[in-house]
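As the structure is a computational prediction, the values presented were derived from the model and not from experiment.
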Amino acid sequence: MLSTLELVMAVGASKPKRETYRHGDLRNALIKAGLELAREGGPEAVVLRAATRQAGVVPNAAYRHFADRAALLHAVSQAAMAEAARTMEAEQAALPPADDPVAAARARFRAVGTGYLRFAQEQPGLFRAAFHVPGDMTHAAAETAAGAGGRTPFELLGAALDDLVETGLLPEDRRPGAEFLAWSAVHGLAVLLIDGPLRGLHPTQAQDAGRHVIDMIERGL
């Protein structure tokens, strides 16, 4: 005959294990889950319930860190922007050594554009999420959107333009606002390639289009 204590222990052992658990860093776990959702389905796929399910916690747990879906989506947008920055940094890091500072500055500037376009084409879901942001530049320099080197995509572009000025490739009086012109052209092509009528281009054609757009930007600066 089992004692009361033994009965309680037996019943407890027979219960299924919890599907959820206490997470040591739930905020970052939810952002990581949101990134994976965005990678597969863009910003529309980032919802609190799906993120909590992927993180392994109950849905209500998310509200300790995010007031609503918009708050989670904003955090995911910043994290996706950081991934874009890392792709751009990798493009610059892959450049061959150049003794000529003028050639090096020009190559770094072009790598910002090619890295941006590569990120859009390789990670369209994250690219869309990265730009699902508030309607201003408030967070363009936020640490949460920075790559390994501490710069956001917008700051990487600005630094590359500053290098062009320092090496004499860009007149100083034409530097103000140049990042907006360059960004607009490359971003426009990126959107056409992943969501517009150019999405059917062969990869070689898309690469050529990117090179020509960056050529055009260089000539226009």
Side-chain angles (χ1 to χ4, degrees), residues 11-93 112 115-159 179-180 183-184 186-187 190-191 193-195:
V11 170
S14 67
K15 288 183 178 179
K17 292 183 178 179
R18 284 180 51 159
E19 296 284 334
T20 60
Y21 59 92
R22 294 186 180 277
H23 205 290
D25 189 3
L26 181 55
R27 177 181 171 80
N28 283 331
L30 289 170
I31 293 172
K32 183 179 179 181
L35 275 173
E36 293 310 308
L37 293 168
R39 197 186 305 275
E40 295 299 320
E44 294 79 10
V46 181
V47 293
L48 284 167
R49 183 169 293 275
T52 53
R53 186 184 308 117
Q54 196 151 318
V57 296
V58 295
N60 285 346
Y63 293 105
R64 300 172 193 166
H65 302 280
F66 300 102
D68 51 25
R69 175 182 180 267
L72 173 62
L73 183 53
H74 172 67
V76 170
S77 170
Q78 291 293 99
M81 195 73 76
E83 290 215 15
R86 285 190 283 272
T87 301
M88 294 159 73
E89 289 172 335
E91 196 80 16
Q92 289 184 323
V112 166
Y116 190 94
L117 289 169
R118 181 160 70 87
F119 178 73
Q121 293 172 87
E122 292 179 355
Q123 300 287 353
L126 291 184
F127 182 82
R128 296 181 189 108
F131 292 97
H132 197 86
V133 295
D136 56 32
M137 295 290 292
T138 303
H139 304 284
E143 183 180 343
T144 49
R151 287 174 172 165
T152 68
F154 188 70
E155 291 174 324
L156 286 168
L157 173 57
E179 53 264 83
F180 298 112
W183 185 15
S184 297
V186 175
H187 185 81
V191 172
L193 287 171
I194 66 172
D195 288 326

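- When all heavy atoms of Ala75 and Arg27 are compared, the closest pair comes out as CB-NH2, 4.2 Å.
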(message) Assess the residue pair Gln123 and Thr87 against the criterion (side-chain contact (heavy atoms from CB on, under 4.5 Å)); give the C-alpha distance rounded to whole Å, side-chain angles, the decisive distance to 0.1 Å, and a yes or no.
(response) CA-CA 10 Å; Gln123 300 287 353; Thr87 301; over 6 Å; no
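- Shown here for Ala55 and Ala33, the closest heavy-atom pair between the two residues is N-CB, 4.4 Å.
- Here the OG1-NE2 distance, from Thr144 to His74, works out to 6.0 Å after rounding to the nearest 0.5 Å.
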(request) Determine, step by step, whether Leu30 and Thr52 satisfy the side-chain contact (heavy atoms from CB on, under 4.5 Å) criterion, reporting the C-alpha distance in whole Å, the side-chain angles of both residues, the deciding distance to 0.1 Å, and the verdict. (result) CA-CA 6 Å; Leu30 289 170; Thr52 53; 3.8 Å; yes
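- Listed for the Thr152 side chain is no donor-acceptor partner under 3.5 Å among the backbone atoms of Ala146.
- What you find for Ile31 and Val76 is that their closest heavy atoms are O-CG2, 4.0 Å.
- The backbone N or O of Val46 lies less than 3.5 Å from a partner atom in the side chain of Arg69, making a donor-acceptor pair.
- Under the 3.5 Å distance criterion, the side-chain polar atoms of Ser184 are matched with a main-chain donor or acceptor of Phe180.
- Heavy-atom minimum distance, Ala79 versus Leu35: CB-CD1, 3.8 Å.
- For His187 and Phe127, the ring centers are positioned less than 6.0 Å apart.
- Of all heavy-atom pairs spanning Leu72 and Ala51, the tightest one is CD2-CB, 3.9 Å.
- Contact check on Glu89 versus Arg86 returns no salt bridge, with no Lys/Arg side-chain nitrogen under 4.0 Å from an Asp/Glu carboxylate oxygen.
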